[in-house]
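Contents: one structure, followed by commentary.
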Amino acid sequence: LAKTTQPISMDSYEGQEVNITCSHNNIATNDYITWYQQFPSQGPRFIIQGYKTKVTNEVASLFIPADRKSSTLSLPRVSLSDTAVYYCLVGLYNFNKFYFGSGTKLNVKP
Amino acid sequence: EAGVAQSPRYKIIEKRQSVAFWCNPISGHATLYWYQQILGQGPKLLIQFQNNGVVDDSQLPKDRFSAERLKGVDSTLKIQPAKLEDSAVYLCASSSLDQGYGYTFGSGTRLTVV
């Protein structure tokens with residue numbers, strides 16, 4: 001299973017764009033990259049998933065370089081409500097087994 | 001679509017007592033997971049069910065933890081006897097085979113062992 005490395009914490013201000021990078025040097029050919037968001041006292045919530053290049057949805061963008069050894073979650077114009085822990089996971093698409101690291105705690109300030 | 005339901009929401013027990021958690025997954029989701037999340041850490045997979053069969057329980061402390069998923073729907077996770085280090089949030093998640101982008105989690109049960 002590919003291990004992921006993320007910054008422990010990040011600070012930002014409202015209205016800024018936030019980029020959280022995840023390293024996954026031993027990602028396998030069939031692995032997908034998935035990001036989850038977790039608020040206190042709640043279970044993690046799916047944000048976005050991708051395999052290569054760029055994926056965008058209404059919440060975030062995911063950038064994956066050609067070698068796929070890292071990925072960057074981009075949150076446009078964050079608000080206080082985006083304060084949460086963000087997890088990067090790598091795993092097989094259909095096997096549905098993902099292992100969580102410690103995540104990145106994002107603190108958005110007014 | 002109703003979410004993943006878990007109960008109780010909170011539980012406080014003394015060490016060496018037993019406790020059980022209940023999970024009702026999203027209707028039609030064949031795969032069910034139990035995770036343990038200790039404060040400040042990411043969720044740790046304890047057990048994965050596919051319908052009513054166990055797919056992976058390699059990280060389940062089988063001397064004290066047990067889980068079952070009768071009829072392939074609801075699931076219960078039991079701890080007997082509990083230790084102080086079992087204090088954590090126990091999360092249940094479910095997914096369908098074609099839901100490649102992962103799981104839907106419940107809100108969890110916060111267990112405090114004193």
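Letters go in sequence order (proteins before strands), and every chain restarts at 1.
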With a sphere of 6.0 Å drawn around [atom1] of [X], does it hold more than 12 non-hydrogen atoms of other residues, nucleotides or ligands?
| X | atom1 | result |
| --- | --- | --- |
| L39(B) | CG | no |
| Y13(A) | OH | no |
| K62(B) | NZ | yes |

Taking all non-hydrogen atoms of both residues into account, name the closest pair between [X] and [Y] and its distance.
| X | Y | value |
| --- | --- | --- |
| L91(B) | G43(A) | CD2-CA, 3.8 Å |
| R9(B) | S41(A) | NH2-O, 2.8 Å |
| Y87(A) | Q37(B) | OH-NE2, 3.1 Å |

Which atom pairs, one a donor and one an acceptor, fall under 3.5 Å between side chains of residues 75-85 of chain A and the rest of the protein, sequence neighbours left out?
from   : atom 1 : to      : atom 2 : distance (Å)
S79(A) : OG     : S81(A)  : OG     : 2.8
D82(A) : OD2    : S79(A)  : N      : 2.8
T83(A) : OG1    : L80(A)  : O      : 3.1
T83(A) : OG1    : V108(A) : N      : 3.0

Greatest number of heavy atom pairs closer than 4.5 Å to chain B - which of G101(A), P44(A), S102(A), G103(A):
P44(A)
Got F46(A) and F105(B) here, is their nearest side-chain heavy-atom distance under 4.5 Å?
no
Just give me the residue among G40(B), G108(B), S107(B), P43(B) that pairs up with chain A most often, heavy atom to heavy atom, under 4.5 Å.
P43(B)
Aromatic plane relationship, Y103(B) with F100(A) - under 30° parallel, 30 to 60° tilted, over 60° perpendicular
tilted
Is there a path of hydrophobic side-chain contacts, each under 4.5 Å between heavy atoms of I/L/V/M/F/W/Y residues, joining L60(B) to V54(B)?
yes
Would L106(A) and I33(A) show up in the same hydrophobic cluster when neighbours are defined by side-chain heavy atoms closer than 4.5 Å?
yes
